[in-house]
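These notes are about the structure you will find just below.
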Amino acid sequence: MRSVLAAALAIALLQPQPTAPAPVDAAFAKYWDAKSPADAAKAAAEIVKTGASFDEVYSRLRQGRVYAKTPPTGAIKGRHGRFEYWLNVPASYDPARQYQVRIQLHGGVMRDQSGLRGDGSVRLPGAEQIYISPAGWSDAPWWSDAQVDNLRAILDAVKRAYNVDENHVVLSGVSDGGTGAYYIAMRDTTPYASFLPLNGYVLVLRSPELATGDLFLNNLRNKPLFIVNGGRDPLYPIDVVEPSIVHMDRGGVAIVYRPQPQAGHDTSWWPALREDFETFVRIHPRVPLPDKLTWETSDTRNWNRAHWLTIDSLGATADEAKNMADLDLSEGVPVFRHGRSGRVDLTRTGNSVLASTRGVKEFTLLLSPDRFDFEKNVNVVVNGRMAFDGRVERSVATLMKWAARDNDRTMLFAAELKIKN
């Protein structure tokens with residue numbers, strides 16, 4: 001009997017034994033399963049604790065998650081907190097492909113109705129893509145901080161479930177939605193490739209009744225705009241909106257303008273402009289790590305970031321830049337009135353960064369291995385003064401911190417470089 005048991009035991013020991021996943025595999029499984037940036041941050045800390053090398057972690061983040069093979073398609077109701085939205089996914093969705101996304105903001109946002117509009121069908125259908133149609137209302141209009149946060153959260157949730165092309169996410173809107181597109185472009189440029197305001201008007205945001213907070217036209221210079229207005233529009237006719245469009249164009253905003261002289265406050269022109277619209281989207285992908293950036297803010301806690309730049313502290317400095325070209329001035333008069341603000345303009349060439357600042361005491365550069373050579377010195381010149389010249393170390397903790405926040409395979413950061421004026 002003993003010999004039989006011994007033989008059985010010997011055979012069992014010779015069989016391949018199931019092995020527990022490596023610590024980094026288990027940590028990444030939790031990270032990819034996270035449902036929000038907060039959950040991802042917790043899982044990111046576990047990845048750091050595994051001691052995995054920077055190159056291994058970076059490679060896994062670039063590759064991204066494995067998407068579900070058969071997620072829901074068609075018109076799907078979603079919710080983020082008190083905010084509902086329609087998600088419309090092509091029936092032919094293939095998780096092996098990356099899909100562009102259009103976020104479409106509806107008009108009539110100052111109504112009390114807080115629920116979803118329509119049945120989830122796409123009102124301005126274009127190329128095959130994923131459509132997001134969020135709900136806005138009088139207590140949560142597009143020009144509110146709550147909606148900027150909401151749109152980010154919805155996009156993050158969609159990116160966790162579907163294979164989104166991070167560099168082809170656009171924000172469009174009609175009427176109040178078009179005006180809202182201008183607002184979000186001035187508040188939160190980083191996730192979006194372009195902004196497409198239709199039948200909107202940027203100067204509506206000057207109304208004190210809207211209580212939009214501080215806005216800065218200079219921030220529109222980071223992304224291209226596709227603008228449509230009608231000549232017979234009783235709210236925002238061409239002759240009213242065009243001076244602002246000309247001003248933005250002369251101030252360095254990349255604009256494609258398609259006025260429709262015979263159109264009213266409607267989208268009757270869509271069949272004729274659909275191809276122009278979709279071509280614009282296709283040929284203007286987001287550059288996740290642009291060589292040039294400009295950003296201005298009065299709020300260093302919330303809307304202080306543009307891609308690889310964050311503005312951390314405001315205040316006058318002795319050597320700040322003078323005579324920075326200012327889109328916020330029209331014939332010497334401020335377009336939007338605001339309190340104290342700070343602005344940084346950046347240009348990167350190789351490992352060198354030239355910065356011009358006004359009203360900024362401290363800012364941070366987020367350095368990506370895709371743009372900076374960490375085997376060489378990084379130098380930063382601020383307002384003609386060498387502010388930093390030295391080596392910067394790559395950090396897995398920094399890599400995971402920003403990856404958890406951004407959920408973006410194409411925008412990864414290895415180091416934070418804090419610059420004091």
Side-chain angles (χ1 to χ4, degrees), residues 105 109-110 136 138-149 171 173 175-190 195 197 200-223 225 227 229 235-237 239-253 255 293-306 309-317 320-345 356-363 421:
L105 308 182
V109 78
M110 298 309 287
S138 57
D139 287 339
W142 306 128
W143 39 83
S144 63
D145 290 352
Q147 281 288 7
V148 180
D149 277 338
L171 183 69
S175 188
D176 280 348
T179 301
Y182 286 116
Y183 175 87
I184 293 162
M186 289 186 276
R187 272 283 203 259
D188 190 27
T189 192
T190 305
F195 298 89
Y201 184 29
V202 67
L203 296 189
V204 169
L205 298 170
R206 295 196 298 184
S207 171
E209 296 178 358
L210 299 186
T212 60
D214 294 346
L215 295 174
F216 306 94
L217 275 184
N218 290 311
N219 293 346
L220 295 180
R221 291 160 52 205
N222 293 290
K223 301 290 168 64
L225 303 179
I227 301 172
N229 286 98
L235 299 178
Y236 316 128
D239 60 346
V240 170
V241 302
E242 279 191 350
S244 65
I245 295 172
V246 170
H247 174 72
M248 291 187 292
D249 179 68
R250 290 175 177 172
V253 181
I255 293 175
L293 280 173
T294 179
W295 198 250
E296 186 167 4
T297 188
S298 59
D299 183 351
T300 58
R301 295 183 61 186
N302 295 306
W303 317 122
N304 65 331
R305 181 185 176 195
L309 163 70
T310 68
I311 296 176
D312 305 320
S313 178
L314 303 181
T317 60
E320 64 183 24
K322 308 296 182 184
N323 302 318
M324 296 175 76
D326 197 345
L327 188 56
D328 280 317
L329 292 177
S330 178
E331 299 181 354
V333 178
V335 177
F336 293 104
R337 297 190 179 277
H338 51 77
R340 184 179 70 166
S341 67
R343 175 179 162 189
V344 178
D345 289 4
S356 298
T357 70
R358 181 183 65 202
V360 174
K361 287 186 176 180
E362 186 174 7
F363 62 93
N421 286 346

**Prompt:** Under the salt bridge (charged side-chain N to carboxylate O under 4.0 Å, His left out) criterion, do R358 and D326 qualify, and how do the steps go?
**Reply:** CA-CA 11 Å; R358 181 183 65 202; D326 197 345; 3.7 Å; yes

**Residues I255, I245; criterion side chain to side chain contact (heavy atoms under 4.5 Å, CB included); working and verdict** = CA-CA 8 Å; I255 293 175; I245 295 172; 4.2 Å; yes

**Request:** Please report the C-alpha distance between M324 and T294 in whole Å, then the side-chain angles of each, then the deciding distance to 0.1 Å, and finally whether the side chain to side chain contact (heavy atoms under 4.5 Å, CB included) criterion is met.
**Result:** CA-CA 11 Å; M324 296 175 76; T294 179; over 6 Å; no

**Request:** Would you please test S313 and F363 for side chain to side chain contact (heavy atoms under 4.5 Å, CB included) and show each step?
**Result:** CA-CA 7 Å; S313 178; F363 62 93; over 6 Å; no

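For the residue pair D214 / S341, no side-chain donor-acceptor distance below 3.5 Å is found, with atom types taken as modelled.
Note: R187 CZ to N302 CG = 8.5 Å, rounded to the nearest 0.5 Å. A distance of 7.0 Å separates CG in D328 from CZ in F216, rounded to the nearest 0.5 Å. How far OH of Y201 is from CG of D176: 14.5 Å, rounded to the nearest 0.5 Å. Expressed to the nearest 0.5 Å, how far CG of D139 lies from OG of S144 amounts to 9.5 Å.
Residues R305 and W295 have side chains not in contact (no heavy-atom distance under 4.5 Å, counting atoms from C-beta outward). Residues K361 and L314 form no side-chain contact, since every pair of their non-hydrogen atoms from C-beta on lies 4.5 Å or further apart. Looking only at side-chain heavy atoms (C-beta outward), N304 and D299 stay at 4.5 Å or farther from each other. Side-chain atoms of V333 and S330, non-hydrogen and from C-beta on, never get closer than 4.5 Å to each other. Contact annotation: the side chain of T179 never approaches that of W142 to less than 4.5 Å [non-hydrogen atoms, C-beta and beyond]. The shortest side-chain heavy-atom distance between M110 and P141 falls under the 4.5 Å cut-off. Contact annotation: the side chain of W143 approaches that of V109 to within less than 4.5 Å [non-hydrogen atoms, C-beta and beyond]. Side-chain atoms of V335 and L203, non-hydrogen and from C-beta on, do get closer than 4.5 Å to each other.
Nearest approach of M186 to V202, heavy atoms of both residues: CE-CG2, 4.0 Å. Nearest heavy atom pair, residue N219 against residue E296, reads OD1-N, 2.8 Å. Scanning all heavy atoms of the two residues, the minimum distance from G200 to N229 falls at O-ND2, 3.0 Å. Across every non-hydrogen atom of L225 and Y182, the tightest pair is CD1-CE2, 4.0 Å.
Between the H247 side chain and the E242 main chain, no donor and acceptor come within less than 3.5 Å of each other. Although no hydrogens or angles enter the test, the distance criterion places no donor-acceptor pair under 3.5 Å between the side chain of S207 and the main chain of V204.
Remark: D345 engages R343 in a salt bridge (charged side-chain N to carboxylate O under 4.0 Å, His left out) (not counting sequence neighbours). Remark: E320 pairs with no residue by the side-chain hydrogen bond (donor to acceptor under 3.5 Å, both in side chains) rule, at least two apart or across chains. For K223, the side-chain contact (heavy atoms from CB on, under 4.5 Å) partners two or more places apart in sequence, or in a different chain, are T189, F195, R286, H307.
N222 pairs with exactly one of V253, L293, T190 by the side-chain contact (heavy atoms from CB on, under 4.5 Å) rule, that one being L293. Between W303 and the choices T297, D145, D188, the side chain to side chain donor-acceptor pair (under 3.5 Å) rule is met once, by D145. Exactly one residue among I311, T300, D312 makes a side-chain contact (heavy atoms from CB on, under 4.5 Å) with E362. That residue is D312.
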